[in-house]
Amino acid sequence: RLDAMEREQGEAALRAAADERLRIAQELHDVVAHSLGVIAVQAGVGMHVIDTDPAEARRALEHISRTSRSSLGEIRRLLGLVRSGEPTVTYAPTPGFADLPRLALEVADAGLPVDLDVADNTGYLPPGVELAAYRIVQEALTNAHRATVRLDAHAGSLRVIVSDDGSGHNGRRRPGGHGLVGMRERVAVYGGSLDVGPAPEGGFRVDATIPYDEDPAP
């Protein structure tokens with residue numbers, strides 16, 4: 001019976017990880033679809049102003065180059081995630097850093113104060129990295145109380161730290177949920193690292209590092 005229970009637990013963990021990979025693949029699909037839409041719009045702008053405003057046309061081309069390189073990286077990760085079957089396509093807007101203040105406000109309105117600090121050096125990151133960071137913060141805040149959120153980028157790596165004052169259970173799996181599994185899967189997509197546990201100064205801390213290509217090869 002013990003062996004059977006261990007097998008069932010192992011199978012449940014594998015199913016949870018597979019479900020998270022599929023969900024991440026769905027969201028990455030949306031990121032790529034959005035990026036292609038941006039490329040199409042910028043190409044139209046460039047074509048429209050190329051004779052009258054070469055500088056604006058150049059900016060449009062630079063945006064296309066940057067977005068297309070980022071999209072190629074996301075497509076590679078998407079193909080790496082999808083092993084069988086096709087993900088269900090959804091078209092809900094994918095959140096990013098611009099949505100973090102709203103998330104912090106929603107949590108604060110629920111009576112859980114959040115101190116949010118996003119460094120200036122996170123100005124442009126691949127959309128998939130922004131999405132992964134947002135989801136990690138979102139899940140980490142689920143069971144936090146009086147939390148501090150810090151995001152900082154350096155040398156092709158984004159660091160996300162969410163800590164609370166010890167009143168909550170930051171980042172722990174909720175009953176029936178896969179919060180920690182989701183965090184680990186998102187970090188694994190980018191070959192990053194995740195450290196979740198009690199903080200030395202007390203409380204609980206989620207510390208994620210997400211590498212990204214500063215200038216992805218075509």
Side-chain angles (χ1 to χ4, degrees), residues 21-82 86-107 114 116-138 149-161 185-192 208-218:
R21 284 193 290 269
L22 180 57
R23 187 162 68 92
I24 294 168
Q26 293 169 350
E27 291 187 338
L28 282 180
H29 176 277
D30 293 342
V31 166
V32 172
H34 172 73
S35 296
L36 292 177
V38 170
I39 290 171
V41 170
Q42 290 295 319
V45 170
M47 291 176 61
H48 182 69
V49 302
I50 192 168
D51 294 324
T52 58
D53 192 348
E56 180 64 25
R58 177 183 290 275
R59 283 192 290 271
L61 289 173
E62 290 172 348
H63 197 173
I64 289 171
S65 176
R66 185 174 61 188
T67 303
S68 61
R69 287 172 180 268
S70 175
S71 295
L72 283 172
E74 303 302 344
I75 288 172
R76 293 188 185 105
R77 294 183 179 95
L78 175 62
L79 293 176
L81 281 173
V82 181
E86 293 293 331
T88 302
V89 179
T90 59
Y91 294 100
T94 52
F97 287 173
D99 301 285
L100 285 173
R102 175 180 54 80
L103 175 63
L105 182 60
E106 290 175 354
V107 175
V114 176
L116 176 64
D117 181 14
V118 181
D120 293 337
N121 56 15
T122 59
Y124 176 79
L125 294 175
V129 172
E130 287 198 23
L131 173 62
Y134 178 92
R135 293 303 190 203
I136 288 171
V137 172
Q138 183 180 42
V149 179
R150 298 282 183 267
L151 290 91
D152 189 21
H154 179 70
S157 183
L158 173 67
R159 192 173 184 189
V160 182
I161 300 177
E185 289 296 330
R186 288 185 185 279
V187 169
V189 168
Y190 291 90
T209 300
I210 308 174
Y212 61 90
D213 297 327
E214 294 183 284
D215 186 20

Taking all atoms of both residues into account, what is the closest heavy-atom pair of G192 and P211, and its distance? CA-CD, 3.4 Å

Any non-hydrogen side-chain atom of L125 less than 4.5 Å from a side-chain atom of I210? no

Let me confirm one number: the CD1-CD distance from I64 to E62, rounded to the nearest 0.5 Å. 10.5 Å

Ignoring hydrogens, what is the shortest heavy-atom contact between T122 and A119? Give both atom names and the distance. OG1-O, 2.6 Å

Report yes if some heavy atom in the side chain of V114 is under 4.5 Å from a heavy atom in the side chain of L103; otherwise report no. no

Look up atom CG in L158 and atom CG in N121, then write down how far apart they are to the nearest 0.5 Å. 9.0 Å

Looking at V49 and A57, what are the two nearest heavy atoms and their distance? CG2-N, 3.7 Å

Heavy-atom closest pair, residues A133 and F97: CB-CE2, 3.7 Å

So, does D117 use its side chain to make a donor-acceptor pair with the main chain of R150 at under 3.5 Å? no

Search all heavy atoms of A208 against all heavy atoms of I136 and return the closest pair with its distance. CB-CD1, 4.0 Å

Output the distance between atom CD1 (I50) and atom CZ (R58), rounded to the nearest 0.5 Å. 10.5 Å

What residues, two or more places apart in sequence or in another chain, satisfy salt bridge (charged side-chain N to carboxylate O under 4.0 Å, His left out) together with E56? R59

Which atoms form the tightest heavy-atom contact between P126 and Y212, and what is the distance? CD-CD1, 3.9 Å

Pair D152, R159 - check salt bridge (Lys or Arg N to Asp or Glu O under 4.0 Å), show working. CA-CA 5 Å; D152 189 21; R159 192 173 184 189; over 6 Å; no

Might you work through the side-chain contact (heavy atoms from CB on, under 4.5 Å) test for L100 and L151, ending with a clear yes or no? CA-CA 11 Å; L100 285 173; L151 290 91; 4.1 Å; yes

